[in-house]
Amino acid sequence: MRDARTVLVSGNWKMNENHFEALKLVQELAALVRVAPIPEGREVSVHPPFTSIRTVQTAVETDHLPFLLGAQNCHHEERGAFTGEVSAEMLAKLNVAYVIAGHSERRAHLGESDVDVRRKVDAILAHGMRPILCVGETLEERVAGAAVEKVRTQVSGALSGRSGEVVGGVVVAYEPIWAIGTGETASVQDAQDMCATIRSELSRLAGAGAAAAARIQYGGSVTPDSAGALLAAPDVDGLLVGGASLDAEKFVAIVRSTA
Ligand code: PEP
């Protein structure tokens, strides 16, 4: 079971919102939270595409908006001949707080392995940011009874050998691949069971204190209707939201949701 800690709701904008659209979306979010503030104990991060981060950063910092800045990926190297890549250092300079590592879309379409994801986590931590480590199984793996092993392997692949202090500061997002962008949400029980499994893996790797301090999100077709019950599950400490995060009203409703 988790400590009492801040819930983190993160909006993954994926490859949506050019910088004009990103500014509009963040202003819509700002207008909504101005009318009714984000509830105590909740943190919100927004993860625009790289080309929109600077624009969103300027809006957030100029208007003191209650959103933390996030990125969707980074390269593990500091700098050099990696055409088209963006380093963790570049993101840290933009005051990015959270970086998604190992999203299943990148694992599937760009061939990112657990080794690649571990290196990204190294780079994110080295620059004082927090990783949101994405893990999750395919439908075939779930049906074959292989989901728990896959998820434990992904968690230990990225986080083994790290101190309790480091592990206590990370975010792990359980995102069953069959639920991402499909309209299928895992049942609250399934989400709770896998988030509890992830916490037990964190405990095995870095001790019970670290496991209790780390935050575990659920992600996969979350909507304002499903969010409250998911957040009420004892091992769900937040939500990673894709599609619904592009609609300011829906995203803010998710941020505010209660069981
Ligand atoms: C995601 O992109 O991490 C995600 C969970 O997407 P969606 O909410 O659209 O399923």
Side-chain angles (χ1 to χ4, degrees), residues 7-17 21-22 25 29 42-50 52-53 56 67-74 96-110 112 116-117 120-121 124 130-139 141-142 147 150-151 154-155 158 170-188 190-192 194-195 198 215-231 233 235-257:
V7 162
L8 175 65
V9 180
S10 304
N12 174 16
W13 296 1
K14 310 197 190 198
M15 198 174 72
N16 297 293
E17 313 305 310
E21 295 162 341
L25 179 53
L29 292 170
R42 300 221 167 162
E43 241 182 11
V44 179
S45 65
V46 291
H47 300 246
F50 289 138
S52 299
I53 290 179
V56 174
F67 310 126
L68 291 158
L69 206 52
Q72 300 174 20
N73 177 46
C74 68
V96 164
Y98 291 100
V99 185
I100 295 171
H103 192 283
S104 62
E105 287 157 9
R106 296 192 60 83
R107 293 182 192 257
H109 305 314
L110 297 155
E112 282 184 7
D116 298 324
V117 174
K120 288 172 195 280
V121 170
I124 294 162
R130 292 180 196 265
I132 297 181
L133 168 68
C134 294
V135 298
E137 80 287 355
T138 63
L139 189 55
E141 288 162 340
R142 174 158 281 261
K150 162 98 178 278
V151 167
Q154 289 178 321
V155 171
V170 304
V171 181
V172 180
Y174 169 53
E175 299 210 299
I177 294 166
W178 46 271
I180 298 180
T182 59
E184 293 266 330
T185 313
S187 70
V188 174
D190 286 344
Q192 162 57 26
M194 193 62 91
C195 290
I198 291 169
R215 284 176 295 176
I216 304 173
Q217 296 177 315
Y218 167 80
S221 297
V222 173
T223 64
D225 290 337
S226 59
L230 287 161
L231 282 175
D235 284 289
V236 177
D237 308 319
L239 301 167
L240 181 53
V241 184
S245 72
L246 299 173
D247 179 317
E249 295 215 348
K250 280 190 189 157
F251 187 60
V252 170
I254 289 169
V255 167
R256 291 193 206 297
S257 57

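Just follow the structure's listing: the first ligand is 1, and inside any ligand the first atom is 1.
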At what distance, to the nearest 0.5 angstrom, does OG of Ser45 lie from CG of Leu240? 8.0 Å
Rounded to the nearest 0.5 Å, what separates atom CZ in Arg215 from atom OH in Tyr98? 3.5 Å
Please walk me through it: do Tyr174 and Gln154 pass side chain to side chain donor-acceptor pair (under 3.5 Å)? CA-CA 11 Å; Tyr174 169 53; Gln154 289 178 321; over 6 Å; no
Check this for me: does any side-chain nitrogen of one of Arg142 and Glu137 sit under 4.0 Å from a carboxylate oxygen of the other? yes
Who passes salt bridge (Lys or Arg N to Asp or Glu O under 4.0 Å) against Glu112, sequence neighbours left out? Arg106, Lys120
State whether the number of non-hydrogen atoms from other residues, nucleotides or ligands found under 6.0 Å of Lys14 atom NZ is greater than 12. yes
Anything with a heavy atom under 4.0 Å from ligand 1 counts, so go ahead and list those protein residues by chain and number. Asn12, Lys14, His103, Glu175, Ala179, Ile180, Gly181, Gly219, Gly220, Ser221, Leu240, Val241, Gly242, Gly243
